[in-house]
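These numbers come from a predicted model, not from an experiment.
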Amino acid sequence: MIKHSQYRKICLARDYLTQHYARNFDLDEVASHSCMSKYHFCRIFSAVFGESPYQYISRMRIDHAKRLLITSSININDICEAVGYTSIGSFSLLFRKKTGMSPTQYRSKVWALTKEPLTYPVQSIPSCYAHHFLGANIEKRNIE
């Protein structure tokens with residue numbers, strides 16, 4: 001069990017990682033935002049969030065790459081750089097490992113699901129979110 005003060009500090013570091021995920025980062029620099037040594041920071045971060053800081057950054061980068069692949073026509077090399085990878089090979093390998101397909105295949109497959117270019121296809125929106133969102137809009141229209 002961690003202390004409330006440690007939890008607040010680790011959240012500050014997580015927020016720092018979230019804001020700067022595309023930069024190359026030094027673990028000492030991130031740990032300094034939580035006022036911990038990098039080893040203690042890694043242990044606490046993993047215990048609180050269930051993944052290491054490196055796994056967190058990797059997930060953030062891949063998630064952002066997915067959004068860019070869906071909502072833009074930026075080429076794969078530029079997306080690779082925009083999300084913080086310097087090697088297209090490393091990026092593609094990790095993307096395939098996380099999604100089961102290459103960035104190009106992912107873009108093609110998702111774009112094939114939608115009639116409007118550069119938008120999320122309806123099939124990719126979780127039904128609970130769509131129900132909540134659409135239900136709120138329907139109730140709003142009934143009130144007006």
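Taking NZ of Lys3 as the reference point, atom NZ of Lys9 lies at 9.0 Å (rounded to 0.5 Å). Distance check, rounded to the nearest 0.5 Å: CD1 of Ile79 to NZ of Lys66 gives 13.5 Å. To the nearest 0.5 Å, the span separating SG on Cys35 from CD on Gln6 amounts to 11.5 Å. Annotation: the span from Gln55 atom CD to Met60 atom CE amounts to 14.5 Å, rounded to 0.5 Å. In this structure, Ile57 CD1 and Leu17 CG are separated by 4.0 Å, a value rounded to the nearest 0.5 Å.
For Arg61 and His64, the side-chain atoms include no donor-acceptor pair closer than 3.5 Å. Between the side chains of His20 and Glu29, not a single donor N or O lies within less than 3.5 Å of an accepting N or O.
Annotation for Ser102 and Arg96: closest pair CB-NH2, 3.4 Å, computed over non-hydrogen atoms. Across all non-hydrogen atoms, the minimal contact from Cys80 to Phe91 is SG-CB, 3.7 Å.
Counting heavy atoms from C-beta outward, Arg43 and Tyr39 have side chains that approach closer than 4.5 Å. Contact check for Arg59 versus Lys98: no side-chain heavy atoms found under the 4.5 Å cut-off. Contact of the Arg107 side chain with the Ile70 side chain is not registered, since no non-hydrogen atoms from C-beta on lie closer than 4.5 Å. Side-chain contact check for Ser52 versus Ser46: some heavy-atom pair is nearer than 4.5 Å. In this structure the side chain of Val110 never reaches within 4.5 angstrom of the side chain of Leu69, judged on heavy atoms.
Residues Ile62 and Ile74 share a hydrophobic cluster, clusters being chains of Ile/Leu/Val/Met/Phe/Trp/Tyr side chains in contact below 4.5 Å. Placement of Phe49 and Leu12 in two distinct hydrophobic clusters is found when ILVMFWY residues are connected by side-chain heavy-atom separations under 4.5 Å, directly or transitively. Note: the hydrophobic cluster containing Val83 also contains Met101 (ILVMFWY, side chain heavy atoms under 4.5 Å, direct or indirect links). Cluster annotation: Met36 is connected to Val48 through the hydrophobic network of ILVMFWY side chains, with a link wherever side-chain heavy atoms come within less than 4.5 Å.
Residues passing the side chain to side chain contact (heavy atoms under 4.5 Å, CB included) test with Leu27 are Phe25, Lys38, Phe41, Cys42, Pro53, Tyr54, sequence neighbours excluded.
Residue pairs meeting the side chain to side chain donor-acceptor pair (under 3.5 Å) criterion with at least one partner in residues 75-88, sequence neighbours excluded, are Asn75-Asp78, Ser87-Ser90.
For Ser34 (side chain) and Ala31 (main-chain N/O), a donor-acceptor pair under 3.5 Å exists by modelled atom type. Remark: side-chain polar atoms of Gln19 are not paired, donor with acceptor, to backbone N or O of Tyr16 under 3.5 angstrom.
Ring geometry, Tyr56 versus Phe45: the interplanar angle exceeds 60°, so the pair is classed perpendicular (tilted spans 30 to 60°).
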